[in-house]
There are 2 protein chains.
Amino acid sequence: MDREKITAAAVRLLDADGLAKFSMRRLAAELGVTAMSVYWYVDSKDDLLELAMDAAEGELDLPDPADTEADWREQLRHLAYEYRRLFNVHPWVSQMVGSYLNIGPHAMAFSHAAQGIMRRTGLPAPQLTGAMAALFQFVYGYSTTEASWNGRCRAAGLSADEYLSTVYGKIEGRAEYEDSLRLMEQGGGSTVHEMRERDFTVALDCILAGMDALTVATHTTRDRAENPHGPSQPAQSAQRP
Amino acid sequence: MDREKITAAAVRLLDADGLAKFSMRRLAAELGVTAMSVYWYVDSKDDLLELAMDAAEGELDLPDPADTEADWREQLRHLAYEYRRLFNVHPWVSQMVGSYLNIGPHAMAFSHAAQGIMRRTGLPAPQLTGAMAALFQFVYGYSTTEASWNGRCRAAGLSADEYLSTVYGKIEGRAEYEDSLRLMEQGGGSTVHEMRERDFTVALDCILAGMDALTVATHTTRDRAENPHGPSQPAQSAQRP
DNA sequence: ACCTGAACACCGTTCAAGT
DNA sequence: ACCTGAACACCGTTCAAGT
């Protein structure tokens with residue numbers, strides 16, 4: 001029995017039954033021990049949850065910080081997909097990220113990696129943190145919603161598409177809700193999964209294109225006239241015109 | 001005693017003491033009634049929380065749907081700030097939006113309003129939902145993080161700036177964490193509040209600029225050559241070239 | 001140093017009973 | 001139709017006691 005074993009067991013239980021059903025007593029039972037013995041290694045339930053959260057964040061595949069040749073766009077995309085995967089694999093993490101401080105070593109390594117890539121966008125410092133927030137807070141919000149939807153599907157014993165039908169059942173008839181449905185149909189994509197993949201990709205495209213636009217906007221008017229299509233090369237070069 | 005009075009009391013209690021301290025028993029006490037009498041009006045705690053959430057969402061100031069003259073950029077900004085304000089005024093809503101279904105009448109009115117504006121961006125249907133997700137999931141993620149930070153400040157009895165100092169205290173010394181601090185300093189802005197306002201504004205700029213870029217990208221190459229600076233007029237016109 | 005048992009102050013919800 | 005009391009099966013955490 002040590003902190004690591006306890007944290008690992010907590011992650012296992014959280015993955016299996018979710019945050020709502022997780023309790024110190026159930027964890028202790030899982031470890032074959034009395035509820036209170038866990039408190040010798042851990043100050044409180046919240047403390048343990050923060051340990052579990054950081055452990056899960058340790059599974060993120062971060063880019064090699066030495067690889068400054070790589071395209072920052074590709075690296076940001078990779079990090080975004082990794083972050084999304086985290087919330088889908090460990091839905092309880094997404095319920096906690098918004099409420100906890102999140103300064104464990106793995107969380108810090110992640111944001112450090114993100115900052116390293118962001119520096120290579122060519123964005124000036126005052127805009128860099130805002131653009132970073134645009135990207136990663138989007139991924140957090142999107143993935144949280146997505147993961148909780150999946151959770152409700154599992155709880156109801158339905159596929160994502162079946163569950164969507166039942167939701168539309170509750171909504172149909174109310175005039176104002178119907179064009180919500182039309183919008184989805186117009187968007188194309190026959191399954192929930194397809195629509196979600198497309199929306200996520202498009203949103204990433206949107207935010208990355210926005211970063212390019214912000215970078216261009218910091219050029220002089222003359223620069224812009226010479227380079228009307230925006231920076232199609234790594235925008236690093238925009239820093240030293 | 002009716003559903004509305006119960007919902008209003010729930011909102012009051014949630015605002016005052018937060019989601020963690022909210023219980024059916026405390027709510028009943030507040031209403032001067034036994035715990036179980038609430039269950040005559042409401043099926044479960046989750047049900048009541050959904051009612052409370054939708055009630056809070058009713059406070060959102062939505063744009064007049066008849067006003068099709070207005071600049072969609074301004075309207076999206078307005079809606080984004082309103083959404084953010086909701087999460088800051090009722091932090092418990094942000095803890096729930098990610099986990100609940102959110103198909104109450106006020107929630108639907110909000111997303112209906114958002115869709116109405118998005119249609120006027122000129123984005124083709126398949127990209128519209130993705131771009132909308134980019135904007136509003138960002139606002140949700142950002143505001144949730146922001147609101148929970150404020151909550152921890154209040155709990156610790158510190159101002160946002162004082163609290164930031166204590167967090168930096170925990171971090172300092174660890175090599176990799178230090179350039180996180182540098183980044184914030186380089187970004188400028190002397191207070192947490194200033195930095196947050198700037199980041200939020202920049203992120204909105206980024207995402208809206210991204211929408212413009214996506215719209216431009218759907219033009220033919222010939223169109224693009226004729227209009228190198230992207231759509232500076234309402235992009236509606238881009239729909240009929 | 002590590003673990004336990006009993007206890008405290010709570011939960012959400014069921015269910016039979018009251019008026 | 002509306003409300004109550006007692007009860008069930010849980011919580012996180014404290015604290016004195018064991019080994």
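Quick note on labels: first sequence line is chain A, next is B, and so on, each numbered from 1.
- In this structure B:D46 satisfies the side-chain hydrogen bond (donor to acceptor under 3.5 Å, both in side chains) test together with B:Y100, sequence neighbours excluded.
- Listed by chain and residue number, nothing satisfies the salt bridge (charged side-chain N to carboxylate O under 4.0 Å, His left out) test with B:E57 (two or more places apart in sequence, or in another chain).
- Among residues two or more places apart in sequence or in another chain, the salt bridge (charged side-chain N to carboxylate O under 4.0 Å, His left out) test is passed with A:R25 by none.
- Every residue two or more places apart in sequence or in another chain that forms a side-chain hydrogen bond (donor to acceptor under 3.5 Å, both in side chains) with A:R12 is listed here: A:E30.
- Applying the side-chain hydrogen bond (donor to acceptor under 3.5 Å, both in side chains) criterion to B:R84, with sequence neighbours excluded, gives B:E146, B:E197.
- Distance noted for atom C1' between C:dC3 and D:dA16: 13 Å (whole Å).
- A heavy atom lying under 4.0 Å from DNA chain C marks none of the residues of residues 2-17 of chain A.
- The salt bridge (charged side-chain N to carboxylate O under 4.0 Å, His left out) check on B:E50 picks up nothing, with sequence neighbours excluded.
- Distance CH2 (A:W40) to P (C:dT4): 14 Å, rounded to an integer number of Å.
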Bracket notation of DNA chain C in which parentheses pair within the strand, [ ] cross earlier pairs, and | pairs with another strand (Watson-Crick or G-U, under 3.5 Å): ||.|||||...|||||.||
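- By the side-chain hydrogen bond (donor to acceptor under 3.5 Å, both in side chains) test, A:H112 is found to be paired with B:D179, residues two or more places apart in sequence or in another chain being considered.
- Distances shown here put every side-chain N or O of A:S37 at or beyond 4.0 Å from the OP1 or OP2 atom of C:dC3.
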For nucleotides 10-14 of chain D, which of its nitrogen or oxygen atoms have a protein nitrogen or oxygen under 3.5 Å away, and what is each distance?
unit_1: D:dC11; atom_1: OP1; unit_2: A:S23; atom_2: OG; d: 3.2
unit_1: D:dG12; atom_1: OP1; unit_2: A:M24; atom_2: N; d: 3.2
unit_1: D:dG12; atom_1: OP1; unit_2: A:K45; atom_2: NZ; d: 3.1
unit_1: D:dG12; atom_1: OP2; unit_2: A:M24; atom_2: N; d: 3.1
unit_1: D:dG12; atom_1: N7; unit_2: A:R25; atom_2: NH1; d: 2.3
unit_1: D:dG12; atom_1: O6; unit_2: A:R25; atom_2: NH1; d: 3.2
unit_1: D:dG12; atom_1: O6; unit_2: A:R25; atom_2: NH2; d: 3.3
unit_1: D:dT13; atom_1: OP2; unit_2: A:Y39; atom_2: OH; d: 2.5
unit_1: D:dT13; atom_1: OP2; unit_2: A:K45; atom_2: N; d: 2.9

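- With 3.5 Å as the limit, one finds a donor-acceptor pair spanning the side chains of B:R198 and A:T129.
- Remark: B:Y81 engages B:F200 in a ring-ring contact (aromatic ring centres under 6.0 Å, His included) (not counting sequence neighbours).
- We find that CG of A:L31 is positioned 10 Å from P of C:dC3, with the value rounded to whole Å.
- Considering only residues two or more places apart in sequence or on other chains, A:F110 meets the ring-ring contact (aromatic ring centres under 6.0 Å, His included) condition with A:Y83, A:F136.
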